Amino acid sequence: MTLMKIKNKLVSSLIALSIGLSTMAVAAVVPSEKAHELKNRFRIDHMVDSLTLVIQRKYGSGPVVIVLPDGSKWYASRHPKQVKWVDGLSGDIVTIEKPMPGPWQLLGRVVKGSTIKKISKLDISVEPFPQPLFQGERLKVTAQLLGDEQRIRMPGLDYLFEWTTKFISDHQVGEENFATGNIIVGSYKDNGEGLDERPDDGLFTGKINLTQAWGTYDLHVNARNNIFSRDFHHKFVLSPIPISVDVIEPEDPLKDRWKLFVKVNDEAVRLDETHLDFELVGPAGLQLPITINGLEETESELLLPEVAEFGSYRIKGVAATTTLSGREILLSMPERFFNLIEPPEPPPTAEELAAIAAKKAAIAEKKAKDDAVFWIILVNCGLLVFGILGLLIWRKRRNLKEALAATQLRLDEEKAKQKELGPALDEIDLTMPEDPPS
């Protein structure tokens, strides 16, 4: 076999590798950052100084094991310091500095038909904000993760990167955001929710909160993980909302109807293409739609639906309009509130006051009588109790005196009997007289 035939055979066996392709295309020329991939095997030549592997696995499977040309193995939890590894639910991203030339192999549940992307340069592409941009606008902007200037697409890529969006105030005097610092206003997602059209298509859609103070900002978008961090900066102006809505209170809220005052800045948006879709929410589950299609004047007063229930009401909704440059926008309008308060009752007449006073006097008189009866009963009960206690004490003392007198009488009688019988034996002196002195 000639050298030319061998060369043609080798070239025809090389596969162009790109994420998202389920089939492999034959490439006439294979750059040094790409190599043949077959059954989770690929080759790295000696001209590669740094590369990033983006590997798609079956959802929920464990990280792959990388087998080097010399037979040694790398794991997501154990690898050299020059290797940076991020693993997610459906893939791995591995950055290798100065990889060993030769055949490499992956051990793991790599998705059948997927490819292994070997990237030498990772970057992000962020769509800048349109101008003019207004407060409360619902904005759809996208961002992409680029590998060698090509969009990377892989299921589960949304879990491998964290996107953060900040507004940094330019601190220009006279603007509403002069004293505002750094504000985190949202992120970018590729999950098919919200404004994102399809999940895992590689287009990350921003969810940005534009209800911020108007003024000049620096947009700062950061995409990062443990091995990767990229920033995007873009200066823009957030303009004041071009449509304002206020509630006008009638002179007599009980008889007249409330009004809505709408003011449109026709130097920013087209008046005839401005449409309002509001909802009046009130007590007892009240929900009334308010729709206005096309305005004829920059300042308009519109009658609100009649309300009768006392309580709090609020008006919420959106405005769809078109800028003078032809960009169609949707604005979330600030909510407006008003209260229908029940009027106070009229003051009482003289007759009613007299009746009230007479009623109060009767109540006071009855209370005084009840109090007098109460105290009379209380005093009588007290006297009765004290009388009973005094009688009991007197009887007890009298009985005690009678008992003492009877006892004394008995003792006296016993003494008298002893005197009549003579001295008692124990009272006779039986001692002998002493001898007289000689």
Side-chain angles (χ1 to χ4, degrees), residues 6-7 9-21 24-58 61-124 144-157 159-161 202 223-230:
I6 296 175
K7 182 177 180 180
K9 186 175 181 180
L10 290 174
V11 170
S12 63
S13 64
L14 294 177
I15 307 299
L17 303 173
S18 61
I19 295 299
L21 297 177
M24 301 180 183
V26 178
V29 178
V30 179
S32 60
E33 67 269 14
K34 296 183 180 179
H36 177 63
E37 184 272 327
L38 180 63
K39 294 183 179 179
N40 303 341
R41 294 182 177 89
F42 59 94
R43 183 176 182 84
I44 299 178
D45 59 46
H46 65 282
M47 300 178 65
V48 178
D49 294 327
S50 177
L51 69 102
T52 299
L53 300 176
V54 181
I55 306 163
Q56 180 184 350
R57 293 183 277 101
K58 289 187 178 181
S61 62
V64 299
V65 177
I66 300 178
V67 181
L68 279 67
D70 62 358
S72 59
K73 295 181 290 295
W74 290 347
Y75 302 88
S77 59
R78 191 183 74 211
H79 49 74
K81 292 183 179 180
Q82 70 270 20
V83 177
K84 297 179 180 179
W85 196 317
V86 174
D87 61 278
L89 292 174
S90 60
D92 298 272
I93 299 179
V94 186
T95 298
I96 306 171
E97 298 291 337
K98 296 181 180 179
M100 180 185 299
W104 293 58
Q105 185 175 0
L106 304 178
L107 302 179
R109 301 184 66 183
V110 179
V111 175
K112 184 177 181 181
S114 65
T115 58
I116 303 167
K117 181 72 175 178
K118 291 170 280 295
I119 302 168
S120 59
K121 182 182 179 182
L122 280 173
D123 207 347
I124 60 173
Q144 304 176 48
L145 181 67
L146 301 179
D148 295 334
E149 300 182 355
Q150 299 295 322
R151 173 159 55 103
I152 298 177
R153 177 180 178 182
M154 185 183 76
L157 191 62
Y159 299 98
L160 296 174
F161 288 88
R224 64 183 178 87
N225 55 25
N226 292 339
I227 67 173
F228 172 88
S229 180
R230 295 292 184 273

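Given the structure is predicted, the values throughout are model-derived calculations rather than measurements. Computation of the quantities below employed the complete heavy-atom set of this structure, encompassing side-chain atoms and omitting hydrogens, waters and symmetry-equivalent molecules.
The salt bridge (charged side-chain N to carboxylate O under 4.0 Å, His left out) search around D87 returns none, not counting sequence neighbours. Applying the side chain to side chain donor-acceptor pair (under 3.5 Å) criterion to Q82, with sequence neighbours excluded, gives no partner residue.
How far CD of Q144 is from CD of Q150: 10.0 Å, rounded to the nearest 0.5 Å. Within the model, atoms CD1 of I152 and CG of D123 stand 10.0 Å from one another, a figure rounded to the nearest 0.5 Å. To the nearest 0.5 Å, atom CD of residue E97 and atom OG1 of residue T52 are 8.0 Å apart.
A 4.5 Å side-chain heavy-atom check between I93 and F161 finds at least one atom pair inside the cut-off. Side chains of V67 and W104 form no contact here, defined as non-hydrogen atoms less than 4.5 Å apart. In this structure, the side chains of I66 and L106 come closer than 4.5 Å at one or more pairs of heavy atoms. Side-chain contact between I96 and W74 is present, with at least one heavy-atom pair separated by less than 4.5 Å.
Nearest approach of P69 to P101, heavy atoms of both residues: CG-O, 3.6 Å. Shown here for M100 and I44, the closest heavy-atom pair between the two residues is O-CB, 4.3 Å. Counting all heavy atoms, side chain and backbone alike, R151 lies closest to G202 at CD-O, 3.6 Å.
Formation of a donor-acceptor pair under 3.5 Å by the N225 side chain with backbone atoms of L160 is found in this model. A donor-acceptor pair under 3.5 Å is formed between the side chain of R57 and the backbone N or O of G88.
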